[in-house]
Every structure is written in C-alpha cells, then in structure tokens.
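Step one of this worksheet: look at the structure below.
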Protein chains: 4
Amino acid sequence: MGEDKKDNLIQAALMLFEEQGYHTTKISDIVREAGVAQGTFYLYFKSKEDMFRSIAEACLEEIVVALQQGGVSKDTDEQKDYLMIRRALEVYHENKTILKIINRHGVGSQEIAGVSEAFYQQIMMVIKQALRDEAMYANYSEDQLEIIAFSKIGMVEMVAYQWFVVKNCGSETINALAQIIVGDLGPCKFKAME
Amino acid sequence: MGEDKKDNLIQAALMLFEEQGYHTTKISDIVREAGVAQGTFYLYFKSKEDMFRSIAEACLEEIVVALQQGGVSKDTDEQKDYLMIRRALEVYHENKTILKIINRHGVGSQEIAGVSEAFYQQIMMVIKQALRDEAMYANYSEDQLEIIAFSKIGMVEMVAYQWFVVKNCGSETINALAQIIVGDLGPCKFKAME
Amino acid sequence: MGEDKKDNLIQAALMLFEEQGYHTTKISDIVREAGVAQGTFYLYFKSKEDMFRSIAEACLEEIVVALQQGGVSKDTDEQKDYLMIRRALEVYHENKTILKIINRHGVGSQEIAGVSEAFYQQIMMVIKQALRDEAMYANYSEDQLEIIAFSKIGMVEMVAYQWFVVKNCGSETINALAQIIVGDLGPCKFKAME
Amino acid sequence: MGEDKKDNLIQAALMLFEEQGYHTTKISDIVREAGVAQGTFYLYFKSKEDMFRSIAEACLEEIVVALQQGGVSKDTDEQKDYLMIRRALEVYHENKTILKIINRHGVGSQEIAGVSEAFYQQIMMVIKQALRDEAMYANYSEDQLEIIAFSKIGMVEMVAYQWFVVKNCGSETINALAQIIVGDLGPCKFKAME
DNA sequence: TATGAATGAGAATTCATTCAT
DNA sequence: CATGAATGAATTCTCATTCAT
C-alpha cells in the first residue's frame, strides 16, 4: 500500500516531466497528479532531483540490460550490424519517455549528469563487446572500437530522437530506419562496387 | 563602451552556463562575473531566457554557417565523406562550449527547445544537400537521405561530445576520430572487399 | 509495560532536550530514541509541549521538595546559611539536566514560561521561610526578604550553571563553591571586623 | 536609506521577540511590522538566527561596555560594592529587553548559546577585575574570585529579571534593590555585631 | 546608460498530529 | 495498547525583475 503511493508519484512525475520538462514540473504538480499529499513526496524522495536520479538510474539500467540481451546470432557481419541497430532502435523506442526527458528538456544537475555519463560508458562497453565479434573490426584497437561504438550510439540515439520523439513515429518505422542506417554501411560493400 | 558591457555579460554567462548549467546560474552570478550592476543586465536582455536564446541562436547559427562552408571539393565520395566529417568535428570542437551547455546541462525551456530543434533541422538540410552530390546516394529518396543525414549528425555529435567534452581532448584528435568514423564506412568499400 | 514505553519516551526526550534543546528536538527523534512508534507518543502525551511541561513540572517540583527538606538545623545563622547554600547546590547538581535545558536552550513557549515562573515563586517562598528563622533578618520586611531570597537563588543558580553545566564539574566541587559563596557573606561578619 | 530598512527590521524584531518570544515570531511577522518586503529581510540577514545573533552580540557587548565604565571610585569596599551592584542593576534595567528575550523565551541554538556563554565570561572578567581592588578579597585566589564574580552576576541578574521583567518595575526601584542586596553583605559587618 | 536596493510571487521543505489497521 | 503511513498547514528562503535615482 505504501509502495502504491510511491509508484503513483513516479508515474505522475514521468508523465509530467515528459509533457512539460523537468524544470517546469513542480513537486506540487507531481503530488496533485499522483493524488497524494505534499508531505508524502518526502516520505519516498529526498528532493525532486533525488527522485529523478532514482528514476533515471532505473530506466537507463533497463536500457543497458535490454541492449545486452540483444544479438547472440551467428550471422554475417552485415546481419549482425542490422540486428544490433534494430535492437537498439527498439529499445530506444520503448524508452522514448526518458530519452525525451533527458534530451529535449535537459536536467541540469551535476549528479544526474554523472548518471548519464555512466550510462553512456556502459552501453559503449556493450557495443564494443559486440563489435569485437565482427570480422570487419578484427584488427581495430580498443580505442578505435570505442570511437566506432560511440559513433553508432550517437547515430541511433539521434535518429531515435528525431523519429520517435520529434516526429512521434511508432514502432513500425523501426525496420525502415534500421535498413537505411545499416545500408549506409552494409550495402555499399557490394552495391556500390558494382 | 555600452557594447563592452553587453559582451562582458555574454562571456560571463557562457562561462557560467558551461560550468554550472543554465538553471543553476543566477543573474546575480552573471552580473558579478561581468562586473556590472544587476539592473544593467536588463538594458541588454529582456530576460534570462531571452539572453540564453540569443546566445544559443548565435552559436548554433555559427555552426550552421561553418558547416555550409565545408565541402565544395570535387573529390571522390570517400574523400567528400571524410572531409565532411572532419569539418564537422572541427566545427564542434570550436563550439564545444555550447555543445557542453546543451548536452550536459540541458536546456529546460520550451522556447529554447525550439531553437535547438530548428538548429538540427538546418544542419540536417545542409548535410542532406551535401549527400545529394555523392554518387553513392544517387537513388536515395528525400526521406532516406534525411535518415542518413541525422545518423551522421548523431555520430559526429556524440563522438565530439565524448572526446572534446567528456575526455576534454584537443583538436589534435580530430584527424584520428574522422578517419575511424569514415573508415567504418570507407575502408569497407574497397579494402574490405579485397 | 505501557508505563515502560512512557518512561522510555521521557528518558529519550530528556536526553535529546539536554543535547539539542526543546525546539530542535523532533517527535520523530524522541520516538526513534525511545524505540516506539510515532503514534505511541500520543497515547501518553497530548502534544510535544504537553510532554515538556509535564517533565519540567515534575523536575522542578522535585527541586522544590528537595529544597524544602533542607535546613531543619538549629545552628548559628552562618551555619544555616552555609547549609542552605550547599543543599541548594546539591539539589541543582542532581537536577542539572533540567537546569541545562531551561538555561542553555531556553523554553520558548508562553505556557512553559508559566511553569518556570511558578517554580521560582515556590523556591523563593521556601528560601524566604528559611530566612525568617535567621536572627540576621529579624527586622527585614517581607519585600526585603523576597529580594534577599531571589538574590540567593540567582547566586546559586548561576554558580551551579557555570560549574556543573558549562565547566561540567562533579559534586566534589560543591563544598568549595558553597564555602566561597557563604564566605563572601560569613567571614565579613566577624573576621573582617577584627 | 538602506540602513533605514535594516534598522526597521531590528526594531521590529526586538519588539516582537520581547512580546511573543523568539520562536513564536515568524520572519513574516517581522517584515510586516517593519513595513518591508519579505525578500528585504534576506538582504540584511542570512536567517532569523543570524539576525538574532547579531542583535544579541551588539546588545550584550553594550552591557559589557556599560559595566566596564562603572566604578572607578576610591571609596570603601562597602561603597564600591554598592556602586557596582547599583550600576549593574541600572545597566540591566536599560537592557531589560534582551534580558527578557534570552531569559524568558530562550533561544535554543548552539550558536547563540555560544554568544551568551562568551558574554558571561566577559562580564565575569569585568567583575573579577573590580573585586581585585577591594581589600576584602585581597587574599582570594583567581578561582575563588571567579566564584564570587559569578555569584554576584547571578544575584543581580535574577533580581533584575524578577523586578524589571516579571514585576515590570521601573528604575526607581534600583536603589532599594541595591541597598538590600548589598546590605545582605555590608550592613551585617557592623549592625549584626551590635 | 548605469545603478543596486527593494520587491513579492512562488517553490521547497518540515514536522506535529491523525487515524485506519 | 501499538503502529507508522499519510497528511497539509505553515514557514523559510530564492531570485528574476523593477524602478527611483
């Protein structure tokens, strides 16, 4: 029953953060939306920032886990690449709320910037690991793989942001997006050579 | 002499926004840093948000212009790609302050979000235009080019953010970064096919 | 068993009031220290102020009673004086907790100020009564005796506060303090005349 | 003109603290009484406690200075004693506001307790110095003089509090009070011997 | 232009008290 | 008797903005 209210608060906060941004949303808005008293907020969170940090940590952790469970296939590099990108787009689509909150409205707090930085380090590691299994990157150094990993993350994140958040497209666009993104790399290997 | 003070205010604001973010920085901080009186701020800017919007607009416009002046070469597609990426990295490096302000600290105001959104539309158009000149993308549709354009923007921005802001690397890393990023596309086209 | 909890609450409260004062101490601190639930507090006390008043009343009453049981000797005036002062110092030493709470941290509530005022009236009456038995004050008026009584109370209280609370001295200092205080009166009566 | 408002705030605060106590008085009460805006308070003081500390420091310092300027006479010990006591009563009478605030309502803050403790140390030193000039205390040790000093302070403070604050008597009572208090020491030297 | 004291609406936070279990 | 989650009124404090000089 207690966790009930905490969950109400989190849901209300996520909705409001997404709608009007983190800074615009007041604690009084959150509690009103959640249907609890002002003081109840402080029963579960030390402050608005503390609340956001804990929500963000949970959401970003979910993304990392979802990405890790991605591709264990034994296909060609092109197929691996395609699956990885598609998987990443799917995950970002499912988590577009937090993506929107962090990218559009920003948060602006050293502590939360830390959470975000740690998140990128984690997914970079996941991607780097996946790249090591591709023949194409066989003789790339660790540093070079890191550059590739981050460039892929940026690619997916920007496309996901523009299509899922700005244009508000649904999951049916994922395949098309993934094909074009990968096609920019993959197809060239044979089509462009013809 | 008046413009002097305005410039002081802008420099002070940029420095503080970069250090502590837009929301944490108070007008009183800015005027203290700029060495002018509290009221003087309002001789040059309508409000704090107005100031930030005008600074952001100017910085982002600079980036757009710089990018536009980029590739007028008549080289091969690979060379064009490499030059475009390197140019973009250079521009982001020169403007890493605004990159840091917007990416790390966020913006957090609907009106400024508009500035940022317009910025991305503009550079997307610039990139799309450039891509049209590449033989490789000859039979891509407008929508497909837009996807490619945004994925390139995301790629460069993320790498620039991680290396120039997070790792705080200097401009001497630009070539290496550009080569790897493009190599992820380029080499495959001929080397990987051997 | 119920009284057990009430006593726990009182002990916890006294400890915390002494340490950090009445206003700084929260009900939540008291119940945590006492090891009971928040609501339990209100089974035994109407409010925080009610609790403090009842504790203060009890403590101060103890002091009054202890003082009353003091001097029933039939010695000389000097001896009576010395015994009275020493007795008072002893009583204050035993009750230095409440002394510290009221003097150092203050009370800060009209209703409790009443308790304190009544306390001083009572001990003043006790002292005045004792003074009446001393030949020295035979022809002092009631008002004059009241002045003497209060001055003696102030004297003892200040010395007790400075030595037992501020300097945190133990009961072994009582004799020395009493001798000096009385000596300031006593010796003059005969020694200084020689 | 700025100091004007600061002074208004101090006067309003002193009045309210005296009337209803430190804790009961809200900052909103103070600013209303002073006729300034809520924010103006924070232009001059960091907090209510900060304000009170600065006021208390000033008032108590005044008392110390007033006491120091007291008796430089070359009279007999009895006369010195009487003058010292009367002087102290006068000073306390003039400063009965702060006396009332600190003694009746209490303050309850470690930092302010420090101010009060320092105050007592200072006046103790002043009194001790004065006592050294009296033949009567010629062969008292420092420690013994300290006891005497504090007992005199307690005496005067309690009497002042009871007569000036509780009974609200005017300055015309000072002589009578001083005579009785000193008489308790002085007169005995000859009258009681008869 | 330039100043900076003053403003006051608005937000965060606290904590004594209640009450359903 | 005992609990402890929930309450919400009350207070402090912030800071962008104004305006008389």
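Just so you know, these numbers use all the heavy atoms, side chains as well, and skip hydrogens, waters and symmetry mates.
A cation-pi arrangement is found for C:K48 relative to C:Y22, the charged atom lying closer than 6.0 Å to the ring centre and inside a 45° cone about the ring normal. Cation-pi geometry between C:K5 and C:Y44 is not met at under 6.0 angstrom from the ring centre and within 45 degrees of the axis.
Whole-Å rounding puts the B:K6 NZ to E:dA2 C1' distance at 16 Å. As rounded to whole Å, 13 Å separates atom C1' of E:dG8 from atom CG of D:L43. Atom-to-atom, CG of B:D50 to C1' of F:dA16 comes out at 13 Å; the value is rounded to the nearest Å. Here the P atom of nucleotide F:dG4 and the CD1 atom of C:I30 are 17 Å apart, to the nearest Å. Residue C:L9 contributes atom CG, which lies 14 Å from atom P of F:dG4 at whole-angstrom precision. Taking atom CD of A:Q20 as the reference point, atom P of E:dA11 lies 11 Å away to the nearest angstrom.
Between the side chain of C:T40 and the main chain of C:V36, no donor-acceptor pair closer than 3.5 Å is present.
No side-chain heavy atom of D:F17 sits less than 4.5 Å from a side-chain heavy atom of D:K100. By the 4.5 Å heavy-atom criterion applied to side chains, D:N168 and D:K96 are counted as neighbours.
Stem list for DNA chain E (at least 3 consecutive Watson-Crick or G-U pairs, distances under 3.5 Å): E:2-21 with F:2-21.
A sub-4.0 Å separation between OP1 or OP2 of E:dA2 and a side-chain N or O of B:Y44 is present.
Side-chain proximity of D:K5 to F:dT7, E:dA2, E:dT7: nearest is E:dT7.
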Exercise. Are B:Y92 and B:F164 close enough, and set up right, to give a ring pair (Phe, Tyr, Trp, His ring centres under 6.0 Å), and what steps lead you there?
Worked result: CA-CA 9 Å; B:Y92 272 123; B:F164 304 151; 8.5 Å; no
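The CG atom of A:L14 sits 10.5 Å away from the OG1 atom of A:T25 when rounded to the nearest 0.5 Å.
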Problem set entry | Contact pattern, 5' to 3', of nucleotides 13-21 of chain E - B, S or - by protein heavy atom under 4.0 Å | BBSSBB---
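Applying the salt bridge (Lys or Arg N to Asp or Glu O under 4.0 Å) test to B:E94 and every residue at least two apart in sequence or in another chain returns nothing.
Between A:D29 and A:K26, none of the side-chain N atoms (NZ, or NE/NH1/NH2) sits under 4.0 Å from a carboxylate O, so this pair counts as no salt bridge.
Within the nucleic acid shown, D:V36 comes within 4.0 Å of sugar-phosphate atoms alone, with no base atom in reach, counting heavy atoms only.
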